[in-house]
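Below is one structure, written out as structure tokens, with a few remarks after it.
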Amino acid sequence: MTEKVLVIGAGIGGLCTALMLAPSGREIVLLERDGPLETADPDELFRSWKRNGVAHVRQSHAFLARLRSIMKQEHPALLDQLLANGVRELPFEMMLTQAQQQSYRAAATDEELTIVTSRRTTLEMTMRRYVETLSNVELRCGFKVRRLLTRKDDDGVIDVRGVAGEWNGEPVTLHADVVVDASGKGGSSIRQLMDEGARIHEESESAGILYFTRHYRLLPGQGEPDRHAHPPASGDLGYIKFGIFPGDNGNFSVTIAIPEVETVLRQAIVDPAIFHAVTLQLPGLQPWTNATRAEPTSRVIGMGDLVSRWRDLVVDGKAAARGYFALGDTLVRTNPLYGRGCSFAAVSAQALRQVLDADADPTARALAFHKAIHAELLPYYLNQRQQDRSAIKRARRALVPNARTPFKARMTTSFVEDGIRIALRSDVRLMREAMRGFHMLEHPDQWLRKPRNLAGVLYYWARGKRLNAAAYPPEPGPGREAMMHALGLDHRADMDLATRETALAA
């Protein structure tokens, strides 16, 4: 008998689940709370698509090489359709400096490091239309899941047997062998399990940052700026992080991330005039956003409540539920700065298929999925959580005049800025090795654990700034005080607050 799988949510996580499970022959029903697509035009869709269930749908997105690799391996026709709709591929060599490109020789594995860029609406539309062509997949738009159908077994584990909800205003009950929860960060189904006594471990902490995005379109006859004729179009100034995200069909977006402690700046930047003025103050962004190159096509879109969150549905070797699997933001949330959310969902969906195919026992499946998620995702989660913690401390120290930076922190910063960064900007082989970790093709720290690679980094670090001078990128922008002055903002307000808080804490 064919298994029936209900998937809650038809965002990236739900669509990836359908893509991974469809070849197995299972009956798959996607339950999406929002309405159907009303246009196939990427620009019109970006303007009009109401995705209440995906608040970040118009934030900047870049899709890591791991996600592209899965698409190419599992559904090459989908990748072709994405490219036909204007989605772009950026190869590894585009990540190299001009000096590196002059001596670059392609390796067989470089193709695996290609990333995909587009507006999320275009990517999701193309994925959805492709999924709808799969014979054993049904998409029900406008379906509101109200609760899981559950029964607590004698062993205390909750068996999930389906969902109850509303479709087109009518109450509907659906039974299934497997329920996949891809409802996202705001989904209530996993909370229902917790309320019913499921032993689910959860840890969560703030990423310490807020995002602000605005979309632009290149003017007729204009192309993208030469990437080597200007300073990098991304950078970290401590008080802000920024980046350009090339999109589909002549569109691109700018995201500016601001630490939570920078209250004045993050309150001001929602003003489109202030946002645009910031881009013109940054040498890497000005060539993109100036009036002769591009025009804005959206308001400033803010995104808060950025947290790192990890959930375990197996605790002390015992499953919390059977027949229920969470993935995507329902299971793991990370700072979007690292661009791993969509790849996390795709990797989880691929692991789920392997688990379901390997064993029919519900308990064994729950344990195996838990093990796979820990192996595939936990190293990246811990890596970026540590980076967030370091960034929060750095942002706080920057607001306190004469704040003392601990020796260990100074050495760590120097190793990263004067060692790792310079090595990657100098040595193509090291860049290639590091990008495999960044793009989730191997453990994020594996490349630096290899003696040859560590020796290379230490070599550049030991050379010192004078000998490495040519490898340092230009300054990404003005300091905090100069930026605030240019914007007409009070640079002292948050500093005074931080000083008072530091004194009280002492």
Side-chain angles (χ1 to χ4, degrees), residues 60-62 65 86-106 110 113-119 213-238 240-257 275-297 337 339 417-418 420-432 434-435 438 460 465-479 482-483 486-487:
S60 296
H61 281 73
V87 174
R88 298 174 56 192
E89 293 184 323
L90 302 182
F92 169 68
E93 54 265 32
M94 289 189 67
M95 307 174 198
L96 303 177
T97 66
Q98 189 171 18
Q100 287 175 315
Q101 286 189 344
Q102 291 175 357
S103 61
Y104 170 68
R105 296 293 182 271
D110 285 355
L113 298 173
T114 302
I115 66 173
V116 173
T117 66
S118 80
R119 291 172 291 185
T213 292
R214 198 176 192 198
H215 290 260
Y216 291 78
R217 177 189 294 112
L218 295 169
L219 294 172
Q222 290 291 324
E224 293 180 355
D226 181 347
R227 293 173 183 270
H228 297 298
H230 307 283
S234 62
D236 183 355
L237 288 165
I240 61 170
K241 297 177 175 67
F242 63 90
I244 288 283
F245 292 80
D248 56 280
N249 301 295
N251 293 276
F252 64 92
S253 61
V254 177
T255 288
I256 298 174
F275 185 99
H276 190 67
V278 171
T279 71
L280 298 180
Q281 289 292 317
L282 299 170
L285 299 191
Q286 191 276 342
W288 289 77
T289 64
N290 69 80
T292 63
R293 178 83 62 175
E295 62 181 356
T297 58
L337 180 69
E417 296 295 322
D418 305 315
I420 293 177
R421 180 176 65 158
I422 298 306
L424 300 189
R425 289 179 58 83
S426 303
D427 189 315
V428 173
R429 186 189 65 80
L430 289 174
M431 178 65 130
R432 183 181 289 122
M435 286 299 98
F438 179 82
Y460 284 100
K465 293 184 178 181
R466 183 178 63 84
L467 294 178
N468 291 330
Y472 282 89
E475 284 297 320
M483 175 67 83
L487 300 175

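Heavy-atom basis, side chains included; hydrogens, waters and symmetry copies ignored.
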With R214, which residues qualify under salt bridge (Lys or Arg N to Asp or Glu O under 4.0 Å), at least two apart?
->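 With sequence neighbours excluded, R214 shows a salt bridge (Lys or Arg N to Asp or Glu O under 4.0 Å) to no residue whatsoever.
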Where [X] and [Y] come nearest, the two heavy atoms and their spacing:
X	Y	answer
K465	D418	CE-OD1, 3.5 Å
E417	Y472	O-CE2, 4.2 Å
A62	T117	CB-CG2, 4.5 Å
P287	R293	O-NE, 3.0 Å
H228	T97	CE1-C, 3.6 Å
P476	P283	O-CD, 3.2 Å

Using side-chain heavy atoms (C-beta onward) and a distance below 4.5 Å, is [X] in contact with [Y]?
X	Y	value
L280	L285	no
T297	F252	no
V254	I244	yes
E224	P246	yes

Keeping to residues at least two apart or across chains, list the salt bridge (charged side-chain N to carboxylate O under 4.0 Å, His left out) pairs with something in residues 91-101.
->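 Non-adjacent pairs meeting salt bridge (charged side-chain N to carboxylate O under 4.0 Å, His left out): zero.
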Do Y216 and W288 have their ring centres less than 6.0 Å from each other?
-> no
Distance in Å, [X] [atom1] paired with [Y] [atom2], rounded so as to fall on 0.5 Å steps:
X	Y	atom1	atom2	value
R425	Q98	CZ	CD	11.0 Å
T114	M95	OG1	CE	7.0 Å
L337	D236	CG	CG	8.0 Å
L430	I422	CG	CD1	12.5 Å
R227	L90	CZ	CG	6.0 Å
S60	F242	OG	CZ	13.5 Å

Passes side chain to side chain contact (heavy atoms under 4.5 Å, CB included), T279 versus L282? Steps please.
-> CA-CA 5 Å; T279 71; L282 299 170; 5.7 Å; no
Check for a donor-acceptor pair, side chain of N251 on one end and backbone N or O of G247 on the other, with a separation under 3.5 Å.
->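 Here the side-chain-to-backbone pair does not exist.
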Can you check whether L424's main-chain N or O pairs, donor with acceptor, with Q100's side chain at less than 3.5 Å?
->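 Yes, Q100 side chain to L424 backbone: donor-acceptor pair under 3.5 Å.
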Is a salt bridge present between D248 and R88, judged by a nitrogen-to-oxygen distance below 4.0 Å?
->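 Answer for the salt bridge query: no.
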Output, in order, the C-alpha distance, side-chain angles, deciding distance and verdict of side chain to side chain contact (heavy atoms under 4.5 Å, CB included) for I256 and K241.
-> CA-CA 6 Å; I256 298 174; K241 297 177 175 67; over 6 Å; no
Counting heavy atoms not belonging to Q101, are there more than 12 under 6.0 Å from its CD?
-> yes
How would you list, by chain and number, every residue that makes a ring-ring contact (aromatic ring centres under 6.0 Å, His included) with Y460, sequence neighbours excluded?
->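 So Y460 forms no ring-ring contact (aromatic ring centres under 6.0 Å, His included) with any residue.
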With side chain to side chain contact (heavy atoms under 4.5 Å, CB included) as the test, would you mind laying out the steps for M431 and D427 before giving the verdict?
-> CA-CA 6 Å; M431 178 65 130; D427 189 315; over 6 Å; no
Tell me, with the steps shown, if S253 and T213 meet side chain to side chain donor-acceptor pair (under 3.5 Å).
-> CA-CA 7 Å; S253 61; T213 292; 5.9 Å; no
